[in-house]
Asks: 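Dropping a structure here in structure tokens format, bear with me for questions.
Just so it is clear: chains get the letters A, B, ... in the order the sequence lines come, proteins before strands, and each one is counted from 1. Values below: every heavy atom of this structure, side chains too, minus hydrogens, waters and symmetry copies.
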There are 2 protein chains.
Amino acid sequence: MTRRTTIHDVAAAAGVSVATVSKAVNGRYGVSPETVGRVLDAVKALGYESSLVASSMRSRRTGVIGVLVADIEPFSAEILKGVAGALSDTGYDLLAYTGARRDGEGWERRSLSRLSGTLIDAAIIVTPTVVNVSSDVPIVAIDPHTGRADVPTVESDSFTGAQQAVHYLVQLGHRRIGFIAGRPDLRSAVARASGYRAGLAAAGIPFDPALVGDGRYEHDVAREAAHAMLALPDPPTAVFAANDLSALSIVEVAVERGLRVPDDLSVVGFDDVPEAARAQPALTTVRQPMKRLGAEAVRIVLALLAGEELPATHIELPTRLVARGTTAPPRER
Amino acid sequence: MTRRTTIHDVAAAAGVSVATVSKAVNGRYGVSPETVGRVLDAVKALGYESSLVASSMRSRRTGVIGVLVADIEPFSAEILKGVAGALSDTGYDLLAYTGARRDGEGWERRSLSRLSGTLIDAAIIVTPTVVNVSSDVPIVAIDPHTGRADVPTVESDSFTGAQQAVHYLVQLGHRRIGFIAGRPDLRSAVARASGYRAGLAAAGIPFDPALVGDGRYEHDVAREAAHAMLALPDPPTAVFAANDLSALSIVEVAVERGLRVPDDLSVVGFDDVPEAARAQPALTTVRQPMKRLGAEAVRIVLALLAGEELPATHIELPTRLVARGTTAPPRER
DNA sequence: CTGAAAGCGCTAACAC
DNA sequence: GTGTTAGCGCTTTCAG
């Protein structure tokens with residue numbers, strides 16, 4: 001618990017003014033090599049490191065890219081890995097921020113206001129709840145909100161992904177296929193619902209509203225929906241969930257109800273977070289390239305920072321079904 | 001790209017001074033309820049959110065806990081999940097920071113200097129390279145450096161974990177067991193090396209220096225060590241690696257050399273990052289409770305923040321062997 | 001109860 | 001080449 005070394009300490013030690021220290025440290029012109037040396041010596045001796053906060057208040061550039069997430073869970077963690085990977089060797093620091101109030105809408109607006117214009121040069125927002133963010137720094141959204149996006153966005157092809165899931169289940173012989181929906185405010189979740197219906201239609205299976213549950217990407221909500229669906233007089237033989245978290249909840253509920261997975265119930269998730277493979281049995285799921293989502297966002301943000309005026313870009317990456325242990329043909333009746 | 005709304009804008013809108021706005025927003029005494037109402041209305045109307053940076057320069061407390069990591073990879077990502085989980089409902093925001101210069105020593109000193117005393121109220125540092133950090137905010141280290149630690153630390157029982165790994169391999173019938181070491185500056189890596197030797201000794205197997213390779217937790221370094229070890233005239237039938245990343249590298253190399261895992265070579269890792277289960281075949285490994293490491297660190301940091309003067313605490317959590325697909329009895333000769 | 005003024009650590013004009 | 005000055009947006013005495 002020592003007081004930070006400030007630029008004043010360095011100035012005093014080197015016998016120059018704080019302005020000179022600033023110039024020397026930041027390599028500005030107009031300082032004699034001799035003075036620079038003296039200052040740098042003092043910097044080293046004192047272990048001085050400029051305060052990010054203070055310097056960001058005066059200068060426009062901080063060299064920090066912010067990633068705003070609602071929470072650090074498997075999905076956002078993968079994105080962060082992708083962002084970190086893409087940012088290494090670019091000279092940019094990475095700052096990930098999660099507000100204490102993870103609830104409700106508009107967390108990203110709050111976080112953004114608190115950080116932008118000052119601390120970070122640009123922001124990557126993951127699964128934002130509002131579309132209408134205004135900011136004084138470049139922004140790109142990953143897995144964005146429904147509605148018109150006025151910022152560049154990066155997401156996966158959720159529609160096709162959902163179709164892949166349903167198609168796979170149909171191929172296995174399933175006809176009664178349930179769906180646990182995601183967060184209705186996210187474009188990706190809506191696309192997965194459409195993909196589910198398109199998949200059914202392609203197989204000539206009539207859509208049954210009773211087989212659609214509300215999951216909202218929340219463990220408890222998904223569990224409740226699963227319970228309700230499995231208690232149906234004519235329950236589904238397979239369920240497709242809009243994300244892995246929900247899919248894992250379904251498996252949990254199925255087991256609690258005495259069903260064997262995949263013998264009595266097949267389950268397919270979406271995302272392929274690392275945890276999906278670890279589950280027992282390992283989860284069949286639609287993989288979306290989460291790290292690449294992060295990396296693509298970095299690419300755009302860097303371009304924006306470099307002054308390239310991209311049109312409101314929209315990037316969509318492909319998905320792929322990964323068959324594991326939670327899917328099998330339906331039991332003979 | 002709009003200019004941020006500042007406290008001045010609010011003051012102007014509400015017809016009061018910036019000082020009054022500050023008091024009203026922060027609930028300080030000495031403002032009439034009527035004025036408070038007017039200010040809060042303006043705040044809402046303008047969507048004002050105070051700048052974290054500016055306020056942190058004047059006031060001591062920011063309500064933000066910083067987590068400093070060298071990079072966001074599977075291990076640190078798990079820690080982050082644990083920290084985020086433990087921090088929810090505490091009212092603290094979470095800020096994870098990775099410097100651009102991930103190389104070399106002292107990255108945490110630099111990050112800490114840049115953030116502490118200003119932006120963050122406390123710091124959790126993951127796998128620091130230096131032990132001698134001084135700071136004006138409470139600090140706790142996860143998986144710390146070797147040497148005397150003057151800050152509270154949280155880590156897993158690496159010694160016992162390594163013993164478990166070796167014991168398991170011995171039980172399977174292995175006698176020639178190699179070891180790929182970790183970062184020699186980390187206490188945990190050193191303990192895993194000791195545990196390896198203790199495990200051999202307990203089984204009456206003589207220690208063979210030729211069966212120890214340098215991995216340093218880096219993919220390429222571990223690969224090289226694996227190549228060298230497997231090229232030995234009398235190669236090991238099993239290898240224990242100081243972390244999962246290295247273990248996965250070994251599997252990779254083994255396959256490249258035409259060996260089948262686990263038939264020709266058994267491999268055991270350490271950590272049990274989610275990726276370990278996803279590998280093909282799934283990795284046998286020693287699980288350390290990474291999320292709990294993060295949660296324990298939060299607990300300590302919060303206690304420190306609450307003014308409880310803990311003695312230089314040291315927490316050690318238990319490990320557990322998770323047998324998966326990369327281990328089998330050695331082939332008959 | 002409210003506002004003017006000082007200053008957190010730093011950088012950018014502008015003087016000297 | 002170097003120092004002085006003026007803030008960045010905010011909180012906090014301290015007068016009024």
Asks: For a quick test of reading the model, state the closest non-hydrogen atom pair linking Ser88(B) to Gly85(B) and the distance between them.
Replies: OG-O, 3.0 Å
Asks: Name the closest nucleotide to the Met57(B) side chain, picking from dG9(C), dT2(C), dT12(D).
Replies: dG9(C)
Asks: What nucleic acid atoms does Val16(A) come within less than 4.0 Å of, heavy atoms only: base, sugar-phosphate, or nothing?
Replies: sugar-phosphate
Asks: Does a nitrogen or oxygen in the side chain of Thr35(B) sit under 4.0 Å from OP1 or OP2 of dT2(C)?
Replies: yes
Asks: Taking the minimum atom-to-atom distance to the side chain of Thr20(B), which one of dC10(D), dG7(D), dT2(C) wins?
Replies: dT2(C)
Asks: Any side-chain N or O of Thr6(A) less than 4.0 Å from the OP1 or OP2 oxygen of dC8(C)?
Replies: no
Asks: Can you identify which nucleotide, out of dC10(D), dG9(C), dC1(C), has its nearest atom closest to the Ser32(B) side chain?
Replies: dC1(C)
Asks: Answer with base, sugar-phosphate or nothing: what part of the nucleic acid does Ser22(B) contact at a heavy-atom distance below 4.0 Å?
Replies: base
Asks: Please determine whether a side-chain nitrogen or oxygen atom of Ser17(B) lies at a distance below 4.0 Å from atom OP1 or OP2 of dG3(C).
Replies: yes
Asks: Indicate whether OP1 or OP2 belonging to dA12(C) is found under 4.0 Å from a side-chain N or O atom of Arg28(A).
Replies: yes
Asks: Regarding Tyr48(A), tell me which of base, sugar-phosphate or nothing describes its non-hydrogen contacts under 4.0 Å with the strands shown.
Replies: sugar-phosphate
Asks: Per the atom types in the model, does the base of dG7(D) pair as donor or acceptor with the side chain of Arg58(A) at under 3.5 Å?
Replies: yes
Asks: Quick check against the 3.5 Å criterion: does Asp143(B) have a side-chain atom that pairs as donor or acceptor with the backbone of Glu155(B)?
Replies: no
